[in-house]
Amino acid sequence: MEKRPFVTLEMVRQIAKTYPTPFHIYDEKGIRENARKLNKAFSWNKGFKEYFAVKATPTPGILKLLREEGCGVDCSSLTELMLADRCGFSGREIMFSSNVTPAEEFVLADKLGGIINLDDISHIDFLEQTLGRIPETISCRYNPGGDFSANNQIMDKPGDAKYGFTKAQMKEGFLKLKAKGVKEFGIHSFLVSNALSNEYYPALARVLFEMAVWLKEETGVACSFINLSGGIGVNYRPEEEPNDIMAIGEGVRREFEDVLIPAGLGDAAIYTELGRFMLAPYGELVAKVVHEKKIYKDYIGLDACAVNLMRPAMYGAYHHITVLGKENAPLTETYDVTGSLCENNDKFAVDRRLPKIDIGDYVVLHDTGAHGFSMGYNYNGKLKSAELLLKENGDVEMIRRAETPEDYFATINL
Ligand SMILES: *Cc1c(COP(=O)(O)O)cnc(C)c1O
């Protein structure tokens, strides 16, 4: 599918007068429409709720609008819990899916009334010692081990992942929690990240639904919610087809009717913890071309670097690039598009076919709305950019200011 940015050259020229590049910008309309589509796709399930994975985009201006669309939040650290609290989320709107969890994080999750999703069977005793009791509602994270394949495109190795309980531990954990007085149970599993297939979620759902049936038979406990976690992918590359959330919702419904309803578990609520699917396509990193260097290859240097978007440096991830104002120009050049870090992996693109670029051009890096700004760091003393929201009425609002040198020095003893 052809990739068109949601900002134009004219818009960026206007915005840059107030907010200099680089900046991340998010599309309120796209975010809201997508959240509504997700809720519609799962409207057949009466308890359905999306808990947005805060780590993807931990920005109050974004979290608040997702809350207006009926989403809760999935937190995995102390500050994410604090952020959720400050954004007005409370009680059952908060899921806490952590691992290697510090005691203070369980204390805060419990204090806020969030649902605790345990990553390890040893955390049952740890949680009880930490709180002096066990909460009435608990979820357990399942890791089926071995290899997981949903079709020939999706493969992962849960057996190599650090997360979750084994199958035997799920039963043992449920029995132990039941004996300690837990009244309401849920299960969770996260097997594949960025799955670009409508088959992943139904296949994962089947694994979890069969687990719920087995747990009911073995322990007498009926799960009241089943959390399919994150993992629905997005089409970062123009040649990829986007996922069809309506087809995914229907696929999960088929498994629900096939596995859960006959087992008498038809009251179970479906929860999701999507991050990437909710936000990635609705965020863009806008940067300006500041240098061109010609040595053995041709390099285009941006005012953004891996500090603003780490995925290409970290995993060689593809982010599509549009040169604003040259959307229809022929792709006559081959460039490496780089940032300024003293690290040779600070490249947004390698050998990318692009139109002829001039210094001063604005470029858009697509699909940076999730795991983009949030993975930022301060290597080389580089500072994180501002985040802007393109509102439905066309106004642009700053939802996080850019860091300043004072922020960088704030934690240092001089
Ligand atoms: C990261 C994460 C998510 C979100 O993953 P996406 O790939 O962004 O959908 C959901 N749940 C947990 C526990 C996670 O760690």
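Worth saying up front: this structure is predicted, and the values here are computed from it rather than measured. Just follow the structure's listing: the first ligand is 1, and inside any ligand the first atom is 1.
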Q: Provide the number and element of each atom of ligand 1 under 4.0 Å from a heavy atom of G275.
A: 4 (C), 6 (P), 8 (O), 9 (O)
Q: Salt bridge check, E397 against K391: does any charged N sit closer than 4.0 Å to a carboxylate O?
A: yes
Q: Under a 4.0 angstrom heavy-atom cut-off, which atoms of ligand 1 come close to R141?
A: 13 (C)
Q: For atom 13 (C) of ligand 1, what is the nearest protein heavy atom, given as residue, atom name and distance?
A: E273 OE1, 3.4 Å
Q: Does R352 qualify as a cation-pi partner of Y318, given the criterion of NZ or CZ under 6.0 Å from the six-membered ring centre and within 45 degrees of its axis?
A: yes
Q: Quick one: look up the protein heavy atom nearest atom 7 (O) of ligand 1 and list residue, atom name and how far away it is.
A: G231 N, 3.5 Å
Q: Counting from 1, what ligand 1 atoms have a heavy atom of R276 closer than 4.0 Å?
A: 6 (P), 7 (O), 8 (O), 9 (O)
Q: Is the number of heavy atoms from other residues, nucleotides or ligands under 6.0 Å of K29 NZ greater than 12?
A: no
Q: Please identify which atoms of ligand 1 are closer than 4.0 Å to at least one heavy atom of D74.
A: 10 (C), 11 (N), 12 (C), 13 (C)
Q: Is a donor on one side and an acceptor on the other found under 3.5 Å between the side chain of S189 and the backbone of Y142?
A: yes
Q: Is the closest heavy atom of F190 to ligand 1 under 4.0 Å?
A: yes
Q: Of all the heavy-atom pairs spanning I116 and P135, show the shortest one and how long it is.
A: CD1-CG, 4.4 Å
Q: Can you tell me which residue and heavy atom of the protein come closest to atom 14 (C) of ligand 1, and the distance to 0.1 Å?
A: K55 NZ, 2.8 Å
Q: Given salt bridge (Lys or Arg N to Asp or Glu O under 4.0 Å), test K288 with D361 step by step and report yes or no.
A: CA-CA 6 Å; K288 194 170 173 174; D361 279 350; over 6 Å; no
Q: Anything under 30° is parallel, anything over 60° is perpendicular, the rest tilted; go ahead and classify W44 against F42.
A: tilted
Q: Determine whether the side chain, the backbone, both or neither of A53 has a heavy atom under 4.0 Å from any heavy atom of ligand 1.
A: side chain
